[in-house]
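Here is how names work: the chains are called A, B, and so on, in the same order as the sequence lines, proteins then strands, and each is numbered from 1. Note that the structure is predicted; figures quoted are calculated from it, not measured.
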There are 2 protein chains.
Amino acid sequence: MAKLDFSPIADTTRRAEIVALLRRAILTGQLEPGQKLNELRISEQMRVSRAPLREAMRELVQEGILTSIPYAGTFVINVAAKDIDDAYSFNKVMDELAIERAWKLRDQRFFDELDRRHEAVKQATRDLDTTRQIETALQLHGLIYEWADNSVLLETWQRLTSRLQMYFALHQRARNEPVPSEDVHETYVQLLKGKDMRAAQRHAREHIDLDFEELLAYARGLEKRASKGA
Amino acid sequence: MAKLDFSPIADTTRRAEIVALLRRAILTGQLEPGQKLNELRISEQMRVSRAPLREAMRELVQEGILTSIPYAGTFVINVAAKDIDDAYSFNKVMDELAIERAWKLRDQRFFDELDRRHEAVKQATRDLDTTRQIETALQLHGLIYEWADNSVLLETWQRLTSRLQMYFALHQRARNEPVPSEDVHETYVQLLKGKDMRAAQRHAREHIDLDFEELLAYARGLEKRASKGA
DNA sequence: TATTGCTAGATTGTCGACAATCTGCTTGTC
DNA sequence: GACAAGCAGATTGTCGACAATCTAGCAATA
């Protein structure tokens, strides 16, 4: 018999689809930070009852991109500069760890997948699809976590990813300028293919620095304006 | 006017109470790994409808101590040796990070709180209350995370804590022997009060090693027996 | 004028019932 | 006896309605 690897079929509950829809809306910025989610309105728009919607919202609360206040409502999380800074410095350490763990496990499949994801980023860049560009860049970045062979590390990264994607989408929308067309990931990919682990770690750290610094500056600006307005 | 810091009043939704009840049942081992949670039966026992129960279960699924299969049921997660090993090696790195971040921020309040939590562990040990002993030991350990001033790091620790507590409770119940009565945390506390950060990090790493190694051996034994039985 | 108490509307939390799906058993066929 | 089809029971997923709570606005009071 031919060996066939069937993947589990998709979860076809309304709940799962609602989670996907809401997450996408939040991560792409269609739902803005701080915005309240009106259950009745959303359930009517989605043609779904409130029960699965509420369950979906509970999941996203635990995922860390929604926050709930009993009898008041469920809101998209607010983004403070401190939050971004925390995520950023945490991410730096996690990256070093992931590269270290994944390093010895790199194989041909790893390199192939690396190229595939890199190509996806370049495609999104050519298409001027900023949302997809962020998404694919994070997926490219996530490969080292998938290869690190540690479920807790991977899970932590995935949780962090949600928020990172939200932050970057927010930033992109705000500055509203064409995405950088040059390929900022070329060096990263090459280093991951190379022999110098320390160099790869160092570059990951510095490369992340760049993106985050810009993001941080933007968030700080937001807060300064907010405090003046108040 | 006297300055009074009121803390937010407790969430008094059924959902929140259910979450607390279920979490406690899982972490103390009243609900065993792999066990299925029958919604109807539990809701009847708690005198609650299935809606808030289901929402509570969604939260715990995201928290990582329950797992859900559509139309099949929601189960307490199974504990594989690999999971414990992953949590263990991840925890080592996190600990080093937390100590490093918290080190400069230690103050009198930190030392006081450290003593307070240490005392709580000793009290639980005197009471021969194993569940509480695990709980307080993790709280003692968590102080460095609370002091590290990084929300993501703290949140990650808290998520990990749930599973750690479950693992240790499982272990304790299994070996079914009186808890060690000597104070294994004395050195840890003293080092956190001292001046040598590296020494504190090293001890945290080695101290954790001990507990985990025993736990791992136990889990591996379980799996070996399970594979033979099948 | 500032503060308190009340009311109406909107929104969230909870409930009981129904629909969709799974599981195990029985039945029938070869 | 082996196997597939189909039925019954149990369980999960979803729905619509009701109860509890909050918020904003207005009236009453000092």
Side-chain angles (χ1 to χ4, degrees), chain A residues 1 6-23 25-26 31-63 65-78 230, chain B residues 1-2 4 6-23 25-26 31-63 65-78 230:
Chain A
M1 201 201 297
F6 285 112
S7 54
I9 72 169
D11 298 356
T12 50
T13 59
R14 295 185 195 283
R15 182 181 70 238
E17 291 191 44
I18 297 170
V19 166
L21 274 176
L22 282 182
R23 187 190 287 122
I26 296 165
L31 285 168
E32 291 176 16
Q35 188 172 342
K36 178 174 175 178
L37 278 70
N38 185 308
E39 297 178 1
L40 194 58
R41 217 183 48 212
I42 294 178
S43 70
E44 279 169 355
Q45 286 178 357
M46 291 189 180
R47 305 287 181 83
V48 172
S49 82
R50 283 173 57 223
L53 172 63
R54 282 174 59 87
E55 291 184 18
M57 285 163 84
R58 281 327 134 230
E59 290 191 24
L60 294 176
V61 166
Q62 284 305 108
E63 197 172 308
I65 58 180
L66 289 181
T67 180
S68 165
I69 304 173
Y71 289 107
T74 304
F75 309 81
V76 179
I77 57 164
N78 266 306
Chain B
M1 201 199 299
L4 258 177
F6 287 111
S7 55
I9 72 170
D11 297 356
T12 50
T13 59
R14 297 186 195 281
R15 184 181 68 239
E17 291 191 45
I18 296 170
V19 166
L21 275 176
L22 282 181
R23 186 190 288 120
I26 296 166
L31 285 168
E32 291 177 16
Q35 189 172 344
K36 178 174 175 178
L37 279 69
N38 185 309
E39 297 179 2
L40 195 58
R41 217 183 48 213
I42 295 178
S43 69
E44 280 170 356
Q45 286 177 356
M46 290 189 181
R47 305 286 181 83
V48 172
S49 81
R50 284 174 54 223
L53 172 62
R54 282 174 58 87
E55 291 185 18
M57 285 163 86
R58 281 328 133 228
E59 289 191 24
L60 294 175
V61 166
Q62 284 304 109
E63 198 173 307
I65 58 180
L66 288 183
T67 179
S68 165
I69 303 174
Y71 289 106
T74 305
F75 308 81
V76 179
I77 57 165
N78 266 306

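Residue A:Arg15 contributes atom CZ, which lies 14 Å from atom P of C:dT21 at whole-angstrom precision. Between the CD1 atom of A:Ile69 and the C1' atom of D:dT23 there is a distance of 14 Å, given to the nearest Å. Remark: P of D:dC22 and CZ of A:Phe75 are 13 Å apart, rounded to the nearest angstrom. The nearest whole Å value for the distance from the CG atom in A:Leu53 to the P atom in C:dT14 is 15 Å. In this structure, A:Asn38 places its CG atom 17 Å from P of D:dC22, rounding to the nearest Å. As a whole-Å value, the separation of A:Tyr71 OH from C:dT12 C1' is 7 Å. Atom-to-atom, CG of A:Leu66 to C1' of C:dT12 comes out at 15 Å; the value is rounded to the nearest Å. D:dG9 atom P lies 17 Å from atom CG of B:Leu40, rounded to whole Å.
Considering only side-chain N and O atoms, A:Arg50 lies nowhere under 4.0 angstrom from the phosphate OP1 or OP2 of D:dC18. Using a 4.0 Å cut-off, no side-chain N or O of A:Ser49 falls inside it from OP1 or OP2 of D:dT14. OP1 or OP2 of D:dG13 lies within a sub-4.0 Å distance of a side-chain N or O belonging to B:Arg54.
Inter-residue side-chain proximity for A:Ser68 and B:Arg15 is flagged as met; some heavy-atom pair is nearer than 4.5 Å.
Nearest nucleotide to the side chain of B:Pro52, out of C:dG13, C:dT21, C:dC15: C:dC15. Taking only side-chain atoms of B:Ala51, from C-beta outward, the nucleotide of C:dC15, D:dC22, D:dC15 with the closest atom is C:dC15. Nearest to the side-chain atoms of A:Thr13 among the listed nucleotides D:dT14, D:dC15, C:dG13 stands D:dT14. Of the candidate nucleotides D:dT12, D:dC15, C:dG13, D:dT12 has the atom nearest to the side chain of B:Glu39. Relative to the side chain of B:Lys36, the nucleotides D:dT11, C:dT14, D:dG13 differ in distance, and D:dT11 lies closest.
Between B:Ala72 and A:Val48, it is B:Ala72 whose nearest contact on DNA chain D lies nearer the 5' terminus.
In this structure, the separation between CG on B:Leu31 and NZ on B:Lys36 is 14.0 Å, given to the nearest 0.5 Å.
Note on B:Leu37: only backbone sugar-phosphate atoms sit closer than 4.0 angstrom, heavy atoms only; bases stay farther off. Contacts of A:Arg14 with the nucleic acid, taken as non-hydrogen atoms under 4.0 Å apart, involve only primed sugar atoms and P, OP1 or OP2.
Atom CD of A:Glu32 has 12 or fewer neighbouring heavy atoms from other residues, nucleotides or ligands inside a 6.0 Å radius.
Partner B:Arg23 forms a side chain to side chain contact (heavy atoms under 4.5 Å, CB included) with one of B:Ile18, B:Leu60, B:Leu66 and no other, that one being B:Leu60.
Considering every non-hydrogen atom in both A:Thr13 and B:Pro70, the closest pair reads CG2-CB, 3.8 Å.
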